[in-house]
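One structure below.
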Amino acid sequence: MSLTDIRGDLPRIGHIALEGRILLSPMAGITDAPFRRLARQFGAALAASEMTTADTALWQSDKSRHRLDIDADASPRVVQIAGSEPQQLAEAARAVIQRGAEIVDINMGCPAKKVCKKLAGSALMKDEALVADILSAVVAAASVPVTLKTRLGWDQDNRNIVTIARIAEDAGISAIAIHGRTRACKYKGEAKYELIQTVKAALDIPVFANGDITSAQVARDVLDFTGADGLLIGRATQGRPWILREICSLVEQGQIASPLSLARRHAIIADHLEDLHTFYGERKGLLMARKHLNWYCQQFQIADNRRRELLACQTVEQQTLLAHQVFDGSGTDTSVAA
């Protein structure tokens, strides 16, 4: 059974036809180039960059330089930008397109206080007129499709996603992704999908659902309930990037994925570590790897003393060697399904 037999035609973002319905959600500090490579390896049809400030004057920092390392060997290349000034965002869109972006994504979903206090991220949903100005300015400036990542609203009393979505479509946005929580919820409670279903019924552009999609079965249920064109998978990939393989298999082929062997999962971790060390360099690579190793330890149920020992490594060589020892010794764990 083919994918189109299961769910009809694949979604398009503007002129770009996607090869699947499962996308990696952009996550600041996580979806760097090494992680995006992992996501595509496991079937993600699109893997957006980390959120990058629209203030191009700040792009000379090491953090921005790494975030703007666009995947030259992959397509479609998506860069997410965040800000609150229409012309600044338009300028940033033109700049990332010059660097090779094939899709520009606007962040209107980040709940972080440091982002919202600048009236960026999900805070923008409080000002619908500003949203319209921003989206129109970026679409007018961009020579590639522009997409929007957002939430249900600012809080439970102001869930204005249907209005925001209509503004987006009228402005020329090519697709919208919606996290099933308000900004006030942050990541607490359970994601709600009813308004995503309403938005999908109201719009002609592709709608992608996001939030609490933690298994292949949940993914299929959310697609069936919302009627969405696809899904963004975010936090569930932390420590378990192969969940994308599981979800793609069930959603796109109608089959339960065969389990990955322990040796294969260990090799994935080892390759990920090596890619982080190469991409960031020894010192920063060592530090960036720690968060991923912590998530892998949680997934493999590694004992706390071994996890602390691994996170305390001071050299790349020590970190690599101990990671091999720690995860090679986790063969009795059966909780990490494929």
Side-chain angles (χ1 to χ4, degrees), residues 24-42 44 47-74 77-82 92 95-96 99-101 107 110 112-115 118 234-235 237-242 265-300 302-330:
L24 176 68
S25 181
M27 294 177 283
I30 300 167
T31 54
D32 54 16
F35 201 80
R36 295 195 299 272
R37 281 189 276 272
L38 264 183
R40 288 191 293 269
Q41 175 184 333
F42 292 118
S49 75
E50 306 170 73
M51 177 180 68
T52 301
T53 177
D55 186 351
T56 57
L58 301 178
W59 285 8
Q60 302 309 311
S61 69
D62 284 344
K63 178 183 288 188
S64 291
R65 181 171 57 82
H66 283 117
R67 289 187 173 186
L68 289 165
D69 191 296
I70 296 176
D71 310 309
D73 59 343
R77 296 181 292 277
V78 187
V79 176
Q80 187 184 76
I81 56 176
V96 297
R99 290 168 175 253
N107 182 297
C110 180
K113 184 181 294 185
K114 68 179 181 180
V115 174
K118 298 179 180 178
R235 290 176 297 154
T237 63
Q238 295 171 8
R240 193 183 179 187
W242 45 82
R265 284 176 270 149
H266 172 244
I268 291 164
I269 295 172
D271 289 346
H272 188 194
L273 276 185
E274 182 178 0
D275 201 2
L276 286 166
H277 296 155
T278 300
F279 181 71
Y280 287 107
E282 181 164 344
R283 182 57 188 163
K284 188 168 184 180
L286 179 78
L287 298 176
M288 294 298 290
R290 287 176 179 170
K291 71 179 77 176
H292 294 283
L293 286 170
N294 191 42
W295 290 322
Y296 285 129
C297 284
Q298 292 172 15
Q299 192 60 228
F300 279 75
I302 301 300
D304 283 347
N305 63 319
R306 293 292 276 165
R307 178 181 60 84
R308 287 192 294 268
E309 185 182 0
L310 181 57
L311 300 184
C313 289
Q314 295 299 308
T315 68
V316 163
E317 292 76 13
Q318 184 185 17
Q319 188 180 67
T320 301
L321 178 60
L322 190 56
H324 277 284
Q325 295 172 356
V326 166
F327 294 109
D328 272 345
S330 62

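Heavy atoms only: backbone and side chains are in, while hydrogens, waters and symmetry mates are out.
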Rounded to the nearest 0.5 angstrom, the OG-CZ distance for Ser49 and Arg77 is 12.5 Å
To the nearest 0.5 Å, what is the distance between CG on Asn107 and CD on Glu50? 12.0 Å
Here the gap from Leu293 atom CG to Leu322 atom CG, rounded to the nearest 0.5 Å, amounts to 9.0 Å
Taking side chain as C-beta onward, heavy atoms only, is Met27 less than 4.5 Å from Thr237? yes
Is there side-chain contact between Phe42 and Arg240, with at least one heavy-atom pair below 4.5 Å? no
From Glu317 CD over to His277 NE2, what is the distance, rounded to the nearest 0.5 angstrom? 9.0 Å
Side-chain donor-acceptor contacts of residues 282-291 below 3.5 Å, not counting sequence neighbours, with atom names and distances?
from	atom 1	to	atom 2	distance (Å)
Arg290	NE	Leu311	O	3.0
Arg290	NH2	Cys313	O	2.8
Lys291	NZ	Gly29	O	2.8

Does any N or O in the side chain of Arg307 come within less than 3.5 Å of the main-chain N or O of Cys297, such that one atom is a donor and the other an acceptor? no
Nearest-0.5 Å distance, CZ of residue Phe327 to CG of residue Leu273: 8.0 Å
Min side-chain heavy-atom separation Arg40-Leu24 under 4.5 Å: no
Is a donor on one side and an acceptor on the other found under 3.5 Å between the side chain of Thr278 and the backbone of Asp275? no
Assess the residue pair Gln238 and His292 against the criterion (side-chain hydrogen bond (donor to acceptor under 3.5 Å, both in side chains)); give the C-alpha distance rounded to whole Å, side-chain angles, the decisive distance to 0.1 Å, and a yes or no. CA-CA 7 Å; Gln238 295 171 8; His292 294 283; over 6 Å; no
Locate the shortest heavy-atom distance separating Ala95 from Thr56; write the atom from each residue and the value. CB-CG2, 4.4 Å
Is the closest side-chain heavy-atom distance between Thr52 and Gln80 below 4.5 Å? no
Side chain to side chain contact (heavy atoms under 4.5 Å, CB included) assessment of Ile81 paired with Thr53: CA-CA 6 Å; Ile81 56 176; Thr53 177; over 6 Å; no
Answer whether the closest heavy-atom distance between the side chains of Asp328 and His266 falls below 4.5 Å. yes
Considering all heavy atoms, the nearest Ala47-Ala39 contact: CB-CB, 4.5 Å
So do the side chains of Arg306 and Leu310 get within less than 4.5 Å of each other, counting heavy atoms only? no
With sequence neighbours excluded, tell me which residues meet ring-ring contact (aromatic ring centres under 6.0 Å, His included) with Trp59. none
Do Arg99 and Leu68 have side chains that approach each other closer than 4.5 Å (heavy atoms only, starting at C-beta)? yes
Quick check: does any side chain N or O of Gln318 sit under 3.5 Å from a backbone N or O of Gln314, one acting as donor and the other as acceptor? yes
Thr31 to Ser25 - nearest heavy-atom pair and separation: CG2-O, 3.3 Å
Please name the pair of heavy atoms, one in Phe300 and one in Ile269, separated by the smallest distance, quoted to 0.1 Å. CE1-CD1, 3.8 Å
Hey, does the side chain of His272 reach the backbone of Ile268 with a donor-acceptor pair shorter than 3.5 angstrom? no
To the nearest 0.5 Å, what is the distance between CD on Gln319 and CG on Leu276? 8.5 Å
Atom of Leu38, atom of Pro241 and distance for their closest heavy-atom approach: CD1-CG, 3.9 Å
Please indicate whether Glu274 has more than 12 foreign heavy atoms, meaning atoms of other residues, nucleotides or ligands, lying under 6.0 Å from its CD. no
Between Trp242 and Tyr296, how do the two ring planes meet: parallel, tilted or perpendicular, split at 30° and 60°? parallel
